[in-house]
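Working notes, beginning with the structure itself.
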Amino acid sequence: MRGEFEDGEAVALRIAEGAAPCDVIEGSDPGGWLALDAGARSWPLRDALPSRAEFDGEHRNALTESRAALALCHRDGRIREAALETAVRFPSLLPLVVIRCADWVAPVRERARHLLRETLEVDAAVSLTPLILLVGRRGRGAFGVEVLGDVLRGASHEQLGRLRADGDRIVRRFAHRLAVAEGKLSAAELARAAARDSDPAVQTLCAEAAVALVPEGTAADDVLGPLLAARGPRVRAIGVTALRRAGRPERAADFLADRSGVVRACARYVLRRYGTDPLPWYRHRVAGTVDPALPPGAVMGLAECGERADAGLLARLLAHPSPGVRAGAVAGLRTFDVTDVPRFRELLDDPAPSVVREATVNLLPSAGSLDAGWLMDRLGPGRARHARVAAFRLLDARGGLVRLRAAVALLDDPDVKLRGWAERSVRQWHPTPDVPLGSEEAAALLDRGRHLLPEWVLARHQREAGVPG
């Protein structure tokens, strides 16, 4: 909050010196106008703000744009209200009128709202949308958003397109919701918007709206094409599900090995609705000679809908040349509740971090059966980072002194994240039945991490262990 005041003080000071607000604040930058509103009321600027006398009689007509801007941000609600009468002479001050629509003083708020409804037209609304939506998240800010929606219903396709392409995802969401509600976009335009936008909320909104506009039984390649080719998995999933409505369920088979689990699930749903069991497809794709082009999604798909007897097919893939396939096979074996500790332990030396991560997850329930010394050796700085992370996770899962030794060994590690995990482990360590309070080794190890612990915790361990404080 202090930073906002400091920025606002600098802006307000320049305006108090006579600079026009539009020369100090870039366009309709919401952050700049809100900073001015906060900073102008700060104590250092109290003598630079307009007085009530400047709004009496003829003085009111002589008020400059700069003085009116400062008056609209004044601490005194009566001065803010009087300044609103003058603000109509300066269209560039409309952003401050927007802010006053959420004012904490009712007369100021009501007058500002009346002015906004009277003066806001489409071009200004497009420019002020980011500010109005930002103010709308405040208490009493909903009015501006309501007016904005009313005005933008008359926006042209090009004007609304500017908002739909805005860098602020909140603005894009608002513009797309309005476009969908008002029917301003065709099904093809909505499909392209869903495929293009990076925001999941916009993707889902547009994809579902596009599908809803396509009559049942219609192929609509201009709609399904962008949806099925989209990068966003939620968009592809909606497109795959729509294949059933379009009467083209056979195309769902192309997505059985999709990289996204939700897309694979939708593809299986569509095929099953038309009497096709996807399990034989997965078995055929995974079985036989190791295919270097096997997609990892096919491996995961088999794990998602297969049976425990299919675990043998996945086990053969642990030596596959593709890291994605190996990682999928390890994760798939976990789905089938297969515990092969020796084989998973070998995979801790896999060169692919994704494979090591999955193997580590599989080994965590069996961490107590692994050789602690072997794991401690793998914490050394000469090891690959993913191997060190795996070793620490497994040592940490063992608890007791093993966990504390591993954590203390990494307290001076140059890897920031590993060091942070180790510090957290030391802070959270506590005695266990096999390592009761009073263990001399535990007290010595905790002493090495004393900068992380309250003094009373450390003193208690040392006292119980008979170690001098």
Side-chain angles (χ1 to χ4, degrees), residues 1-4 169 198 200 323-324 326-328 330-331 334 341 344-465 467 469:
M1 189 64 172
R2 184 59 201 162
E4 183 181 68
R169 66 177 182 174
S198 60
R326 295 199 303 276
V330 178
R334 182 169 65 249
V341 174
F344 294 150
R345 176 182 147 154
E346 291 177 11
L347 291 174
L348 293 178
D349 289 321
D350 195 281
S354 60
V355 178
V356 175
R357 281 195 299 269
E358 294 295 347
T360 303
V361 175
N362 286 13
L363 286 169
L364 284 174
S366 306
S369 67
L370 299 176
D371 183 78
W374 181 79
L375 289 174
M376 286 293 292
D377 288 341
R378 301 176 66 81
L379 289 180
R383 296 277 184 174
R385 185 180 186 277
H386 61 269
R388 302 180 71 214
V389 171
F392 180 71
R393 289 184 66 187
L394 293 167
L395 288 164
D396 191 64
R398 289 179 60 118
L401 282 176
V402 171
R403 173 188 179 187
L404 190 56
R405 290 180 195 131
V408 170
L410 294 177
L411 288 182
D412 297 321
D413 199 88
D415 188 300
V416 176
K417 285 191 175 181
L418 264 175
R419 188 170 67 246
W421 292 332
E423 290 174 352
R424 183 167 63 249
S425 186
V426 170
R427 291 191 187 98
Q428 295 175 349
W429 189 86
H430 55 83
T432 55
D434 57 322
V435 188
L437 190 66
S439 165
E440 292 186 13
E441 183 179 359
L445 289 169
L446 291 172
D447 186 63
R448 291 173 60 186
R450 64 183 311 136
H451 60 289
L452 303 170
L453 301 169
E455 284 297 329
W456 68 269
V457 172
L458 189 63
R460 183 186 180 198
H461 281 281
Q462 291 176 333
R463 183 174 62 254
E464 292 294 332
V467 177

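In this structure the side chain of Leu410 never reaches within 4.5 angstrom of the side chain of Arg419, judged on heavy atoms. Residues Leu370 and Leu395 form no side-chain contact, since every pair of their non-hydrogen atoms from C-beta on lies 4.5 Å or further apart. Leu418 places none of its side-chain heavy atoms less than 4.5 Å from the side chain of Leu379. At a threshold of 4.5 Å between non-hydrogen side-chain atoms, the residues Val389 and Asp415 do not count as touching.
Looking at Thr360, its side chain does come within 3.5 Å of a backbone N or O of Val356 through a donor-acceptor pair. Distance alone, capped at 3.5 Å, is enough to place a donor-acceptor pair between the Trp429 side chain and the Gly400 backbone.
Here the closest non-hydrogen pair linking Met376 and Ala409 is CE-CB, 4.3 Å. In terms of heavy-atom proximity, Leu411 sits nearest to Gly449 at CD1-CA, 3.9 Å. The nearest pair of heavy atoms linking Ala391 to Arg378 is CB-CB, 3.8 Å. Across all their heavy atoms, Ala331 and Glu358 have their closest contact at CB-OE1, 3.6 Å. For Val355 against Pro323, the heavy-atom pair with the smallest separation is CG2-O, 3.5 Å. Val330 and Asn362 make their closest contact through O-ND2, 3.1 Å (heavy atoms, listed as atom of the first residue, atom of the second, distance).
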Step by step, would you call Leu375 with Arg393 a side-chain contact (heavy atoms from CB on, under 4.5 Å)?
CA-CA 10 Å; Leu375 289 174; Arg393 289 184 66 187; over 6 Å; no

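A salt bridge links Arg388 with Asp413; the closest basic N to acidic carboxylate O contact falls under 4.0 Å. Using a 4.0 Å cut-off between charged side-chain N and carboxylate O, Arg357 and Asp350 make no salt bridge. Between Arg450 and Asp447 a salt bridge is recorded (basic side-chain N to carboxylate O distance below 4.0 Å). Under the 4.0 Å criterion applied to side-chain N and carboxylate O atoms, Arg405 and Glu441 are assigned as salt-bridge partners.
More than 12 heavy atoms of other residues, nucleotides or ligands sit less than 6.0 Å from atom CZ of Arg385. Within a 6.0 Å sphere centred on CG of Asp412, heavy atoms belonging to other residues, nucleotides or ligands number 12 at most.
One distance of note links CZ of Phe344 with OG of Ser366; it measures 9.0 Å at 0.5 Å rounding. Taking CG from Leu348 and NE2 from His386, the interatomic distance works out to 9.5 Å, rounded to the nearest 0.5 Å. Ser354 OG to Arg326 CZ: the interatomic distance, rounded to the nearest 0.5 Å, is 7.5 Å. Here the CG-CZ distance, from Leu364 to Arg334, works out to 9.5 Å after rounding to the nearest 0.5 Å. Atom CZ of Arg403 is separated from atom CG of Leu445 by 13.0 Å, given to the nearest 0.5 angstrom.
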